[in-house]
> 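This is the structure, below, for whatever I ask next.
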Amino acid sequence: MQVFDHFAVAAATLDAGVAHVRRHLGHEMDSGGEHALMGTHNRLSGLGDGEYMEVIAVNPDAPPPDRPRWFDLDRRVGPPRIGNWILRTDDLDGLCTRLPEAGRPVAVERGPYRWRMAVPEDGVLPFDGCFPALMQWDTPPPTFTDVGLRLTRLELSHPGAPALAPIVASLTDDPRIVLAEGPRRITATLENPNGVREIA
């Protein structure tokens, strides 16, 4: 089975995304970097045990990529929100063959880190991004200072939840990931030194 890697808050700017995290979690994001292939940049913070959260935005200083950006960032409008969640696997090629809607493997790098991620041709994952993005690390993933943040629940709300549920169940048995039928929304519940907080 695949395991949870991270969730991504999509924002118009990194500053807006960082402020969204600060407002909801009382936490200041750590450093990040740039993804030249996609013309994006990010900030990260660890959630313990190899997990993390990400704020991602279009990098205004990068040239436009020659393909649609991942995470549907070319069409992103409105305030920051959790746009996607990501599972890591040791068999990305096999999963993409079984689930072609996940996209095709694309090699990505950020500083010293290398990985491959399944990206649809149009940059848009099914179920408005509630379908998990799939990735495979080619280098050890980043490590973070442990500040006590822990993901305890990730709720995927979508009108198509009954159709999405068996797909998610075939990919991961993580009990923290739950589905609900309703308006599209991804909500993360986290424990941290400030108590239990939610961010969507």
Side-chain angles (χ1 to χ4, degrees), residues 1-11 14 17-18 21 27-74 82-121 123-125 129 131-151 154 168 170-174 176-177 186 188 190:
M1 300 294 280
Q2 286 55 240
V3 297
F4 175 82
D5 193 80
H6 66 285
F7 66 82
V9 173
L14 281 187
V18 167
V21 171
H27 172 74
E28 197 66 43
M29 296 292 290
D30 294 338
S31 60
E34 301 180 359
H35 316 104
L37 179 71
M38 293 290 177
T40 57
H41 55 177
N42 68 2
R43 298 277 294 275
L44 309 171
S45 284
L47 301 178
D49 195 26
E51 302 176 352
Y52 62 99
M53 62 179 172
E54 171 183 33
V55 168
I56 190 165
V58 171
N59 184 353
D61 298 323
D66 60 0
R67 56 164 299 141
R69 292 179 175 91
W70 50 14
F71 299 148
D72 201 14
L73 285 173
D74 290 318
I82 298 179
N84 296 89
W85 63 292
I86 297 87
L87 291 173
R88 65 177 180 266
T89 180
D90 293 327
D91 184 21
L92 185 62
D93 294 320
L95 283 182
C96 289
T97 298
R98 177 162 69 88
L99 298 168
E101 63 268 40
R104 63 178 181 85
V106 174
V108 188
E109 61 183 63
R110 181 182 66 81
Y113 305 109
R114 306 287 185 273
W115 68 96
R116 292 186 303 140
M117 177 166 281
V119 182
E121 292 296 332
V124 183
L125 281 159
F131 187 102
L134 304 173
M135 69 176 296
Q136 182 169 351
W137 285 101
D138 294 326
T139 62
T143 57
F144 304 93
T145 301
D146 189 349
V147 295
L149 285 167
R150 296 292 185 272
L151 179 73
L154 188 73
V168 172
S170 75
L171 290 169
T172 181
D173 57 2
D174 191 329
R176 300 172 299 173
I177 299 166
I186 300 177
L190 297 102

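Atom set for the values below is all heavy atoms of this structure, side chains included, hydrogens, waters and symmetry mates excluded. These numbers were taken from a predicted model, which means no experiment stands behind them.
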> Got a sec, which pairs hit salt bridge (charged side-chain N to carboxylate O under 4.0 Å, His left out) with one end in residues 106-117, sequence neighbours left out?
D93-R116, E109-R114
> So how far is it from Y52 OH to D5 CG, rounded to the nearest 0.5 Å?
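With rounding to 0.5 Å, OH (Y52) is 4.5 Å from CG (D5).
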> Closest approach of W85 and G129, non-hydrogen atoms and distance?
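The pair with the smallest heavy-atom distance is CD1-O, 4.1 Å.
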> Is the side chain of R43 donor-acceptor paired with the backbone N or O of D30 at a distance under 3.5 Å, no angle test?
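Yes; at least one donor-acceptor contact below 3.5 Å.
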> Considering all heavy atoms of both residues, which atom of L47 and which atom of F4 are nearest to each other, and what is their separation?
CD1-CE2, 4.5 Å
> Taking salt bridge (charged side-chain N to carboxylate O under 4.0 Å, His left out) as the test, write out the residues that go with D173, two or more places apart.
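Residues passing salt bridge (charged side-chain N to carboxylate O under 4.0 Å, His left out) with D173: none at all.
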> Does any part of the side chain of M53, heavy atoms only, come nearer than 4.5 Å to the side chain of V9, both counted from C-beta?
no
> Does any non-hydrogen side-chain atom of L44 lie less than 4.5 Å from one of H6?
no
> Measuring only between side-chain heavy atoms, which start at C-beta, is F131 closer than 4.5 Å to V168?
no
> Would you indicate whether the side-chain heavy atoms of F7 and I186 approach each other to under 4.5 Å?
no
> Quick one: pull up CG in L134 and CG in L99 and give me the separation to the nearest 0.5 Å.
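Between L134 CG and L99 CG, I get 7.0 Å after rounding to 0.5 Å.
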> Holding to side chain to side chain donor-acceptor pair (under 3.5 Å), I want the full list of residues that pass it with H35, two or more places apart in sequence or in another chain.
T40, N42
> Give, for atom CG of L92 and atom CG of L87, the distance between the pair rounded to the nearest 0.5 Å.
11.0 Å
> Sorted by first residue and then second, give each salt bridge (charged side-chain N to carboxylate O under 4.0 Å, His left out) pair with at least one member in residues 48-69; sequence neighbours left out.
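Non-adjacent pairs meeting salt bridge (charged side-chain N to carboxylate O under 4.0 Å, His left out): E51-R176, R69-D74.
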> Name the residue from V55, V58, L14 that meets the side-chain contact (heavy atoms from CB on, under 4.5 Å) definition with H41.
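Filter result, single survivor: L14.
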> So do the side chains of W70 and I56 get within less than 4.5 Å of each other, counting heavy atoms only?
yes
> Ignoring hydrogens, what is the shortest heavy-atom contact between P120 and L125? Give both atom names and the distance.
CG-CD2, 3.8 Å
> Can you classify the ring geometry of Y113 versus W137 as parallel (below 30°), tilted (30 to 60°) or perpendicular (above 60°)?
perpendicular
> With sequence neighbours left out, write down each residue that passes side chain to side chain donor-acceptor pair (under 3.5 Å) with N84, or none if nothing qualifies.
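N84: no side chain to side chain donor-acceptor pair (under 3.5 Å) contacts found.
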> What are the two closest heavy atoms between A62 and G39, and how far apart are they?
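The pair with the smallest heavy-atom distance is CB-CA, 4.0 Å.
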> Of the non-hydrogen atoms in L73 and A10, which two are nearest, and what is the gap between them?
CD2-CB, 3.8 Å
> Can you find a pair of side-chain heavy atoms, one from V3 and one from R88, that are under 4.5 Å apart?
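Touching, per the 4.5 Å side-chain cut-off.
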> How long is the span from the OG1 atom in T89 to the CG atom in L171, to the nearest 0.5 Å?
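So the gap between those two atoms works out to 8.5 Å.
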> Could you pull out the closest heavy-atom pair between A57 and A11, with the gap in Å?
CB-O, 3.3 Å
> Go through the structure and list residues passing salt bridge (charged side-chain N to carboxylate O under 4.0 Å, His left out) with E28, not counting sequence neighbours.
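Only R22 meet the salt bridge (charged side-chain N to carboxylate O under 4.0 Å, His left out) criterion with E28.
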> Look only at the side chain of T172 and the backbone of Q2, and say whether a donor-acceptor pair between them is shorter than 3.5 Å.
yes
> Report the distance from atom CG of D90 to atom CD of Q136, rounding to the nearest 0.5 Å.
6.0 Å
